[in-house]
Novice: 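For reference, the structure I am asking about is given below.
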Number of protein chains: 2
Amino acid sequence: MGRGDMKSNITMKDIAEKLGVSSVTISKALNDKDGVSDALKEKIKKLADEMGYRYNTTAKSMKNGLTYNIGVVIPERFSGGMSQSFYFRAYQEAAKQFERYGYYGIMNILSSEDEEALRLPRLYYEKKVDGFIFLGQLSPEFISLVKEMDMPKVFLDFYDEHDEIDSIITDNFYGAYDITNYLVGKGHTSIGYVGNLYATSSIQDRFLGYYKSLLEHRIALNEDWIIRDRDERGKYITFDLPEALPTAFVCNCDQVAHLLVNRLKKEGYRVPEDISVVGFDNDIYATITEPNLTTVEVDINEMVTQAVKLITRKVQGKNKSYGRTSVKGKIVTRDSVLDLRQG
Amino acid sequence: MGRGDMKSNITMKDIAEKLGVSSVTISKALNDKDGVSDALKEKIKKLADEMGYRYNTTAKSMKNGLTYNIGVVIPERFSGGMSQSFYFRAYQEAAKQFERYGYYGIMNILSSEDEEALRLPRLYYEKKVDGFIFLGQLSPEFISLVKEMDMPKVFLDFYDEHDEIDSIITDNFYGAYDITNYLVGKGHTSIGYVGNLYATSSIQDRFLGYYKSLLEHRIALNEDWIIRDRDERGKYITFDLPEALPTAFVCNCDQVAHLLVNRLKKEGYRVPEDISVVGFDNDIYATITEPNLTTVEVDINEMVTQAVKLITRKVQGKNKSYGRTSVKGKIVTRDSVLDLRQG
DNA sequence: CTGAAAGCGCTTACAG
DNA sequence: CTGAAAGCGCTTACAG
């Protein structure tokens, strides 16, 4: 698109009058549709440019009922602290992806009050968007409310146990399974897990992947080594460490691995010499921690790409259900695991 | 707003027909305007609720030419790495503030290609927004282009030397002045500055605040102690440290202070015992650094609040110029400065 | 207190 | 190849 004078308020009608044609012809020309001679089309485009014409998306919206906006809703509790890095990267990637479809994302931080009071975003009540991407675990009650919304929606990075809504999730189960296998491969046979199994489905699934690895290797699950890291509402708590510790811990996320490493050091343990620790996410905490964490990298960009593709497809009426799509992560090896087979 | 059945496609006309009145009456009632009896007004609101009516902002936009969206443009180079924390917090606060005015923010990451090719955001060409907040230093050429846009705009966290556009900036000058005074107060008389004076106006202004403090205390400026931290395009470079070092450094931002501290440690210096270091911004780097940095806290929220207030005011036609508004920061004392007067 | 008419800027049939 | 008419869902004068 060109520049010209950069005046606002220029409409197709203005261009039409200057050229002595109808605004229908202008519309066709500017949208590269059939029914206008090439010569006229060129002339129109050139003049539009010179006059600084800018397309009025609102008028188009009025006609077809589409706003070309998607709401991206992030619960407030994920928007602060260090997890913000993940969400900001995700949101940025979403913005980029939306461009490909001629869409725009409008971010909405869902306040904890609104979530508890079961208040849907104003974006919804004002018909500002054609659909929603919900990024980050919502309360079950809020999920029910969301389901009632007569509007396309996709869950990103979490899912609903009752499964009616399309979700894009990281492959928590196999990610945790893989990294636990990795520990076993390094000779570890007493392995703990850090995470509150009742806090989010991610934590639960990662636990189950960890457990699957134990089962496959005929390693008994030791309940003492399942360490709670947060309460049910997600607030971190002080670890309650048992007397006897395993040789390795699988943590449900890098941040918690970071906290655990610091705690272990404070208690006089060396990482990884005495105890190995692995994380999940490969976020900023993985490289802030000393030693740097071996962890599972979540492929945010791929997840977002899929979520955006899905929501724009659903908006265009292809409203069939896709269920859960999980995107594979991969192990990133750093310095927080000791090879017990060596020496 | 109520819930009801959550059907879409309900219009005022639908409500009107059910009640045997005109849609004008529905409009008046729902907007709490005069000209409808209270009884009818209540009845209408109740029915709208029950029918799951949702207001169509697009139609309103069509009438008055306002989209109720503001574009928030962030140059790509600030959107990655650790500076993202600042920008995300700023964007979040902006989103929150916009709500107060019935506005929404649409974030646009300005790619480096688009900035160089002088391509304005598509948001502009599609009339998706009523105005722009530009968050983070733009190239002079792009600034010129922005000025040509016939649309309200506010610069946030930087300004144009030629001063025609309203800007909200942190008080770089006095912030650097204050923290340099603080160092002098602790007995330091040989003080360096870290930053490329030609990279951004913030770095320049912080330098000048530092310089003012030196002047006031009759401390000569030593050119050898002005350390370049990045090239003109903002890319960090390896510090070129002189043989003889001062007892303290004022860094133009926390990230650079972080890099400097690590470099000094590597060279065998202790911080703050041998050399004191102060930063600017109070971002994540201030507390990641060991020792934690004494720095100047930028009041992001206040800056954003002012920027949002300003742009919404300008959109409503009050298009007078406000010039630069600088928001005061404050010194946050931590462990990176040695008191030379002690002992 | 209530409503018919016109209009915001486009696009979609449809007619010529 | 070109255009008159109708309509998207509201709101703004204006008339009754």
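Keep in mind the model is a prediction, meaning the values are calculated, not measured. A note on names: the letters A, B, ... follow the listed sequences, proteins ahead of strands, and every chain is numbered from 1.
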Novice: Nearest to the A/M12 side chain among D/dC10, C/dT2, C/dT11, which nucleotide is it?
Specialist: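 When the side chain of A/M12 is considered, C/dT11 is the closest of D/dC10, C/dT2, C/dT11.
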Novice: Does the B/D157 side chain pair with the main chain of B/I169, one donor and one acceptor, at a distance under 3.5 Å?
Specialist: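 Side chain of B/D157 to backbone of B/I169: no pair is present.
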Novice: Nearest whole angstrom, please: distance from the P of C/dC8 to the CG of A/N56.
Specialist: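 Atom CG in A/N56 sits about 12 Å away from atom P in C/dC8.
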Novice: Is the closest side-chain donor-acceptor distance between B/E126 and A/Y68 under 3.5 Å?
Specialist: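 Side-chain D/A pair, B/E126 to A/Y68: absent.
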Novice: To the nearest angstrom, how far is B/K13 atom NZ from D/dT11 atom P?
Specialist: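 Whole-Å distance recorded here is 16 Å.
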Novice: In the structure shown, which nucleotide is the Watson-Crick or G-U wobble counterpart of D/dA4, with both distances under 3.5 Å?
Specialist: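 Paired with D/dA4, as far as the under-3.5 Å criterion goes, is no nucleotide at all.
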Novice: Phosphate oxygens OP1/OP2 of C/dG9: is one of them under 4.0 Å from a side-chain N or O of A/T11?
Specialist: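 For C/dG9, neither OP1 nor OP2 has a side-chain N or O of A/T11 closer than 4.0 Å.
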Novice: Can you tell me the Watson-Crick or wobble partner of C/dA13, both distances under 3.5 angstrom?
Specialist: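 When the pairing criteria are applied, nothing turns out to pair with C/dA13, so the answer is none.
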Novice: Of the nucleotides C/dA5, C/dT2, C/dC8, which one has an atom closest to the side chain of B/V24?
Specialist: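 Per side-chain heavy atoms of B/V24, the pick is C/dA5.
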Novice: Report the distance from atom CG of A/L19 to atom P of D/dT2, rounded to the nearest whole Å.
Specialist: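 Value for this atom pair: 11 Å.
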Novice: Please report the distance, rounded to the nearest Å, between CD1 in A/I10 and P in C/dG9.
Specialist: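 It works out to 11 Å between those atoms.
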Novice: Kindly say if A/Y53 contacts the phosphate of C/dC10, meaning a side-chain N or O under 4.0 Å from OP1 or OP2.
Specialist: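 Looking at the OP1 and OP2 atoms of C/dC10, one of them is under 4.0 Å from a side-chain N or O of A/Y53.
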Novice: Tell me the interatomic distance from A/L66, atom CG, to C/dT11, atom P, rounded to whole angstroms.
Specialist: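 Going from A/L66 (CG) to C/dT11 (P), I get 14 Å.
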Novice: Could you state the OH-P distance from B/Y125 to C/dG9, rounded to the nearest angstrom?
Specialist: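 Taking atom P of C/dG9 as the reference, OH of B/Y125 is at 20 Å.
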Novice: Mapping B/K28 and B/A59 onto DNA chain D by nearest heavy atom, which one lands closer to the 5' end?
Specialist: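 The answer here is B/A59.
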Novice: Mind calculating the distance between CE (B/M62) and P (D/dC10) to the nearest angstrom?
Specialist: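 Distance, rounded to whole Å: 14 Å.
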Novice: State which of D/dA4, D/dT11, D/dC1 makes the closest approach to the side chain of A/S22.
Specialist: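 Taking heavy atoms from C-beta onward, the closest nucleotide is D/dA4.
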Novice: Any side-chain N or O of B/K41 under 4.0 Å from OP1/OP2 of C/dC1?
Specialist: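 Negative; the distance criterion is not met.
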Novice: Which nucleotide, C/dC8, C/dT2, D/dT11, lies nearest any side-chain atom of B/T25?
Specialist: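 Nearest listed nucleotide: C/dT2.
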Novice: Rounded to whole Å, how long is the line connecting atom CD1 of B/I26 with atom C1' of D/dT11?
Specialist: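 Going from B/I26 (CD1) to D/dT11 (C1'), I get 14 Å.
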Novice: Any side-chain N or O of B/S27 less than 4.0 Å from the OP1 or OP2 oxygen of D/dC10?
Specialist: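 Answer is no, no contact under 4.0 Å.
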Novice: From the set C/dG3, D/dT2, C/dC10, return the single nucleotide nearest to any side-chain atom of A/V36.
Specialist: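 The answer is D/dT2.
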Novice: Could you walk me through whether B/E50 and B/K46 pass the salt bridge (charged side-chain N to carboxylate O under 4.0 Å, His left out) check?
Specialist: CA-CA 6 Å; B/E50 283 169 19; B/K46 189 157 162 287; 3.2 Å; yes
Novice: Are OP1 or OP2 of C/dG3 and a side-chain N or O of B/S23 less than 4.0 angstrom apart?
Specialist: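 For C/dG3, OP1/OP2 do not have a side-chain N/O of B/S23 under 4.0 Å.
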Novice: Does a nitrogen or oxygen in the side chain of B/K63 sit under 4.0 Å from OP1 or OP2 of C/dG9?
Specialist: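 B/K63 to C/dG9 OP1/OP2: no side-chain N or O under 4.0 Å.
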Novice: Checking A/T312 side chain against A/V308 main chain: does a donor-acceptor pair fall under 3.5 Å?
Specialist: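 Yes; at least one donor-acceptor contact below 3.5 Å.
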Novice: Determine, for B/R122 against B/D114, whether the closest basic-nitrogen to carboxylate-oxygen distance falls under 4.0 angstrom.
Specialist: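 Looking at B/D114 together with B/R122, the answer is no, because their closest N to O distance does not fall below 4.0 Å.
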Novice: Does OP1 or OP2 of C/dC8 have a side-chain N or O of B/N64 closer than 4.0 Å?
Specialist: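 So the side chain of B/N64 is outside the cut-off, no N or O lying under 4.0 Å from OP1 or OP2 of C/dC8.
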Novice: Of all the choices, D/dT11, D/dT2, C/dC1, which nucleotide is nearest to the side chain of B/N31 once you look at every atom?
Specialist: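 Taking heavy atoms from C-beta onward, the closest nucleotide is D/dT11.
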Novice: We want to know whether B/Q137 and B/T200 form a side-chain donor-acceptor pair, criterion being a heavy-atom distance below 3.5 angstrom.
Specialist: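 Not at all, the side chains of B/Q137 and B/T200 share no donor-acceptor pair under 3.5 Å.
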